[in-house]
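Here the structure comes first, spelled out in C-alpha cells, and everything after it is commentary.
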2 protein chains.
Amino acid sequence: MQIREKLAAKGYRMTKPRQEIFNVLCHAPQSVLEIMSNLQKKKLQIDKVTVYRTLTSFVKLGIVEETQFKDKISVYELADQKHHHHVVCDTCGKIEDIELDENLLEEAAKKSSTFQIKSHHLEFFGLCRKCR
Amino acid sequence: MQIREKLAAKGYRMTKPRQEIFNVLCHAPQSVLEIMSNLQKKKLQIDKVTVYRTLTSFVKLGIVEETQFKDKISVYELADQKHHHHVVCDTCGKIEDIELDENLLEEAAKKSSTFQIKSHHLEFFGLCRKCR
DNA sequence: GACTTATTGCAACTCATTTGCAATAATACC
DNA sequence: GGTATTATTGCAAATGAGTTGCAATAAGTC
Ligand SMILES: [Mn+2]
Ligand SMILES: [Mn+2]
Ligand SMILES: [Zn+2]
Ligand SMILES: [Zn+2]
C-alpha cells in the first residue's frame, strides 16, 4: 500500500510537506533536527511544527516508528521493515540496525515477570568501526 | 564501600541533601518529581536543582543508575544491585525488575553487528496484574 | 470552479533539565 | 577550636524538545 492510500484510508490528505518528509525519511533514521536540515538542503521551507505533526500522524498510521536513545531525542524511521533494534555509537552517534532472535527475549521475559508483556525497547551502545 | 567514601575518593563532600536523597532512593527507583515529593513528606526542603545535581554526581560515581522510559522522564535507582532490566505497566506506570540471561543477548548482538558493543538498554512494556 | 474541512505556519506556551552567580557550609590545616 | 579554601546550595533565569491556539491556506469532493 502506498503512503497516499494509507493517509486517505483514515481521512488524511496528501500534501507537499508530507511527501517531502517521507522522502527524506527514506534515506535514513533521523531526528527532527536532522529532518529539518535535510529539507533545507533541498531548498524546502517546512516549519518544524509541521514536521512534528506529520511525524505524529505517520506514527499513528504505522508509516513511521519512533525510538528514543540515551539523549531523550526521538529518532524516526520508516516502519516498512522487519522488527529490529539498533546499535548506537557512543562517540559519533551513528546508528546501525541489528536483528536478533526475538523468541529468546520474549520467552525469557515471560518466565521472569508477572506482567503480561506486550512490547519491548532494546538498544545497544558501543563504538563503530571508525571511532574504535 | 560506603557512600561517603565514594564521594570523598573523588573530592566530593558529604552533605545533608546528598544523604537524604540517597536515603530516599533506598526505597524505590524514582523520578525527580517523586524524589522531591518523598523529601517533602519528610519535611525536608531541598531544591529541585540540588536533586538534579546530586543525581548527576551519583551517576558519575556509579552510586546511581539512570533509566529512561517511553515518556522521556528519567528514573533513578541505586546501582548496588545486579545488572537487570525493567517491565513498565502501560496503564499505571508501575515498574518491576526483571532479570535475564544476558549472555544470550550480548552474544547475539556481537554476531550481528560490526560495532564493538559495550552496553545495552532493555525495557519491556505491558500490563501489571492489577491493570490486566 | 465552488464548498468543506484538513493542514500549514507563526507565535506563544509547556515542562524537564541546565546554567550563572552570590551566599553557605564541608573539609583541611593550624 | 578557629580559619582558610573551595565544593555545594538555592534562587532566578535560561535552554531546548516538543505542544497548542488560531487565522490563513490548500486538498479532496461534487
Ligand atoms: Mn533501524
Ligand atoms: Mn530496577
Ligand atoms: Zn562512531
Ligand atoms: Zn499497572
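Lettering of chains follows the sequences in order, A, B, ..., and the numbering in each one begins at 1.
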Tell me: [atom1] of [X] to [atom2] of [N], nearest whole Å?
X	N	atom1	atom2	result
Asp47(B)	dT8(D)	CG	P	16 Å
Leu39(A)	dT8(C)	CG	P	12 Å
Lys48(A)	dT8(C)	NZ	C1'	16 Å
Arg4(A)	dG28(D)	CZ	C1'	9 Å
Ile35(A)	dG18(D)	CD1	P	10 Å
Arg13(A)	dT4(C)	CZ	P	13 Å
Met14(A)	dT8(C)	CE	P	11 Å
Lys60(B)	dT8(D)	NZ	P	10 Å

Verify the contact: side-chain N or O of [X] to OP1 or OP2 of [N], cut-off strictly under 4.0 Å; return yes or no.
X	N	result
Tyr52(A)	dT19(D)	no
Ser74(B)	dT17(C)	yes
Thr15(A)	dT8(C)	yes

Without hydrogens or angle criteria, can the side chains of [X] and [Y] be said to hold a donor-acceptor pair below 3.5 Å?
X	Y	result
Glu77(A)	Thr67(A)	no
His120(A)	Glu106(A)	yes
Glu34(A)	Ser31(A)	yes

Could you state the interatomic distance from OG (Ser119(B)) to CG (Leu122(B)), rounded to the nearest 0.5 Å?
12.0 Å
Regarding [X], tell me which of base, sugar-phosphate or nothing describes its non-hydrogen contacts under 4.0 Å with the strands shown.
X	answer
Gln45(A)	sugar-phosphate
Lys72(A)	sugar-phosphate
Arg53(A)	base

If each of Tyr12(A) and Ile73(A) is mapped to the nucleotide of DNA chain D with the nearest heavy atom, which maps nearer the 5' terminus, i.e. the 5' end?
Ile73(A)
Please say which of Glu96(B), Glu102(B), Glu99(B) ends up in a side-chain hydrogen bond (donor to acceptor under 3.5 Å, both in side chains) with His85(B).
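Result for side-chain hydrogen bond (donor to acceptor under 3.5 Å, both in side chains) with His85(B): Glu102(B).
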How do Glu66(B) and Pro17(A) order along DNA chain C: which one's closest nucleotide is nearer the 5' end?
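Comparing both residues, the 5'-ward one is Pro17(A).
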